[in-house]
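Everything on this sheet refers to the single structure shown next.
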Amino acid sequence: MKFEAVIGLEVHVQLKTRSKVFASVGVGFGEEPNTLTDPVIMGLPGVLPVLNHEAVRQAVRAGLILGSEIPEVCKWDRKQYFYPDSPKNYQLTQYDEPVCVGGAVEIELPGPARNIMGEHRWVRLTRAHLEEDVGKLTHAGDYSLVDYNRAGTPLLEIVTEPDLYSSAEAVAFLNALRMLLTEGGVSDCDMEKGQMRCDANISVRPAGSSTLNSRTEIKNLNSITGVRQAIDYEIRRQTGVYAAGGQVVQETRRWDAEGGLTTSMRGKEEAHDYRYFPDPDLLPVRFPTQEVEALRTALPERVFDRQRRYQETLDLPYTLTSVICYDFGLARYFEEALAVYGENPKALANYIANELQRERGAVEGEGLLPLEDVAMRPADLAELVRLIDTGTLTKHAARTVFVEMFQTGEGAAAVADRLGLKAEPQDSGALEAICRDVIAANPVPAAQFREGNAKAINAYVGPIMKATQGKANPREIHEILARLVAASD
Ligand code: ADP
Ligand code: MG
């Protein structure tokens, strides 16, 4: 029998705020352990939580980006459990009145190749609720260390409907979510810093069936590779159980990245195990409708909407939009350059997706140089492309100018002057003579041109540029070529 998988995700995303959700101490990553704590975080007797409204605002902003409804009132509940990651022995969360209800996320399924757009589909959300993050345990042999720096960081838990059908779709969902939330300024969603983690609920059923079989929940997947491998493993395991005539037990499992397998942690806990009850120390929150609408009007364009706009109105190919749109920093860079020089979006996009990315990667250090540290500003790139389009710089010379601009942060014209790379007004008689020689050496493109292939004369540009050491004005070359080729008829 053929089987198919059904997957629902619970994604935890740390919201960007300066301080914690119920305490005034700051949030941070990579600090000395247990320095971002205070009596509230440590749950000392007599302390009271105070809500950080910015955390609610960020959660609402996230909800609006995800198309959720924002109920006028949300409230806080205690989820009781006993584990050293929370000194209070309960977690503040939202049980039955979450900040966001419903919603949907557009995802792009993997295309047939990296450079070809995949199919798009919507994944429904059940809800998203705000809660406090917990401390981090490091297990070391027969003892464990605990760091409460992370405890109290605002965390949005986004729950999907069981609308995903493979590990690739789950990864596509996480990618879409990361792009939406980073462009909204709601979270950086950096999985390496634990800003985005996910639990995957997985079941398997006969292909084509619409029943939901019993599922397992794999806890705390904290990398894309982990998500992919854990889901694939679990689908194989459950399929094997059914194929052998067995039943899948509803339970919570752990992903063992080293062993490459999931292992049983505990039976699935039910809501009543947590003894949820409304927190007596915190009032429900009323979020005024006007404030919701104000946030809604300030939302950025969603990633796939922007991509469609670039493809449809700016005529950019998927190979460029998939680089520029899928990284909000690059999209903003492109928009700024476009605002300065709107004549040639494709050239701007090309420089950003190719040259800029290449130079960022060539800088010493891990990964790409952060975009904020790139000295070359969008207006400088706009100027460079303008110089090419007006014939002041050849494309060939522009390559050198670009690298120099990237390294020094100087403007395009200044670099071109300093390096003596500006196209020089040529003695047009001499240029014409060169053109004649080049045509005479190879009459085929000229003939093709006269037969209606306008692009054929481009074959002459390279040799002419070579003969002029790249300093001829490309426009002038084209004018002369068109005239000579037509005349030799
Ligand atoms: P709980 O509150 O016990 O964690 P929920 O019913 O809220 O469980 O579901 C949690 C997640 O599990 C959701 O993302 C949901 O889509 C997913 N889910 C529920 N049933 C199934 C199933 N049979 N197969 C796969 N995923 C499921
Ligand atoms: Mg859960």
Side-chain angles (χ1 to χ4, degrees), residues 7-18 20-21 27-30 54-68 99-100 103-108 123 125 127-134 136 149-150 152-160 164 167-200 218-228 230-231 255 295 299-307 322-333 366-368 370-372:
I7 301 160
L9 298 178
E10 295 164 89
V11 187
H12 290 92
V13 168
Q14 283 185 350
L15 298 177
K16 257 165 103 165
T17 55
R18 277 186 309 185
K20 298 199 176 180
V21 55
V27 298
F29 177 82
E54 184 55 21
V56 181
R57 215 168 284 127
Q58 288 288 50
V60 170
R61 207 174 269 133
L64 292 173
I65 292 168
L66 305 176
S68 309
V99 58
C100 310
V105 170
E106 183 178 6
I107 66 169
E108 181 187 9
V123 173
L125 302 181
R127 59 185 261 157
H129 58 263
L130 187 54
E131 59 189 24
E132 53 181 346
D133 206 345
V134 296
K136 195 171 164 42
N149 283 354
R150 199 179 69 180
T153 302
L155 206 59
L156 190 68
E157 177 172 337
I158 300 160
V159 183
T160 77
L164 297 157
S167 62
E169 294 194 12
V171 169
F173 176 84
L174 293 175
N175 282 333
L177 193 64
R178 177 179 48 74
M179 295 190 287
L180 290 167
L181 298 182
T182 52
E183 71 199 10
V186 163
S187 172
D188 289 331
C189 297
D190 185 341
M191 289 187 100
E192 281 180 16
K193 291 185 181 162
Q195 292 166 344
M196 183 160 145
R197 321 189 288 269
C198 109
D199 304 339
I218 308 174
K219 283 285 181 194
N220 255 313
L221 299 168
N222 53 18
S223 72
I224 291 288
T225 317
V227 169
R228 185 175 287 129
I231 291 176
W255 170 240
L295 289 179
L299 290 184
E301 189 178 24
R302 292 190 182 95
V303 51
F304 294 125
D305 292 337
R306 174 182 301 116
Q307 184 176 32
S322 59
V323 177
I324 290 176
C325 296
Y326 297 177
D327 176 330
F328 184 55
L330 292 183
R332 199 161 33 193
Y333 197 99
E366 220 180 295
L368 298 180
L371 209 48
E372 320 66 279

Test item: [X] side-chain N/O and [Y] main-chain N/O as donor-acceptor pair under 3.5 Å:
X	Y	result
T160	L125	no
K136	N149	no
T182	R178	yes
D199	N220	yes
R228	S167	no
Q58	G185	yes
E132	G152	no

Notebook entry, point to check: Would V159 and E157 count as a side-chain contact (heavy atoms from CB on, under 4.5 Å) if you check the C-alpha gap in whole Å, the side-chain angles of each, and the deciding distance to 0.1 Å?
Noted result: CA-CA 6 Å; V159 183; E157 177 172 337; 3.9 Å; yes

Which atom names give the shortest non-hydrogen contact between [X] and [Y], and what distance separates them?
X	Y	result
C198	L9	SG-CD2, 4.1 Å
C189	S187	N-OG, 3.0 Å
G226	W255	CA-NE1, 3.9 Å
V27	P154	CG1-CD, 4.3 Å
A59	L156	CB-CD1, 3.8 Å
G184	I65	CA-CD1, 3.6 Å

Notebook entry, point to check: Could you state the interatomic distance from CD1 (I231) to CD1 (I7), rounded to the nearest 0.5 Å?
Noted result: 4.5 Å

Margin query: Measuring from atom CZ of R61 to atom CG of L299, what distance do you get when rounded to the nearest 0.5 angstrom?
Written below: 8.0 Å

Next item on the list: Could you tell me whether the side chain of R302 reaches within less than 4.5 Å of the side chain of L180, counting heavy atoms only?
Entry: yes

Notebook entry, point to check: Taking side chain as C-beta onward, heavy atoms only, is L164 less than 4.5 Å from I107?
Noted result: yes

Next item on the list: Sequence neighbours left out, what pairs pass salt bridge (charged side-chain N to carboxylate O under 4.0 Å, His left out) with at least one residue falling in residues 180-189?
Entry: K16-D188, E183-R306

Note to self: Under the criterion side-chain contact (heavy atoms from CB on, under 4.5 Å), I'd like the reasoning laid out for H129 against C100: C-alpha separation, chi angles, the key distance, then a yes or no.
What the structure shows: CA-CA 6 Å; H129 58 263; C100 310; over 6 Å; no

Check: Excluding sequence neighbours, so at least two apart, what forms side chain to side chain contact (heavy atoms under 4.5 Å, CB included) with S223?
Finding: T225

Notebook entry, point to check: Taking it one step at a time, do L295 and R57 satisfy side-chain contact (heavy atoms from CB on, under 4.5 Å)?
Noted result: CA-CA 8 Å; L295 289 179; R57 215 168 284 127; 3.8 Å; yes

Note to self: Between V227 and L174, does the side-chain contact (heavy atoms from CB on, under 4.5 Å) criterion hold? Intermediate values first, please.
What the structure shows: CA-CA 10 Å; V227 169; L174 293 175; 3.8 Å; yes

Notebook entry, point to check: Thinking salt bridges, do R197 and D133 make one under a 4.0 Å N-O criterion?
Noted result: yes

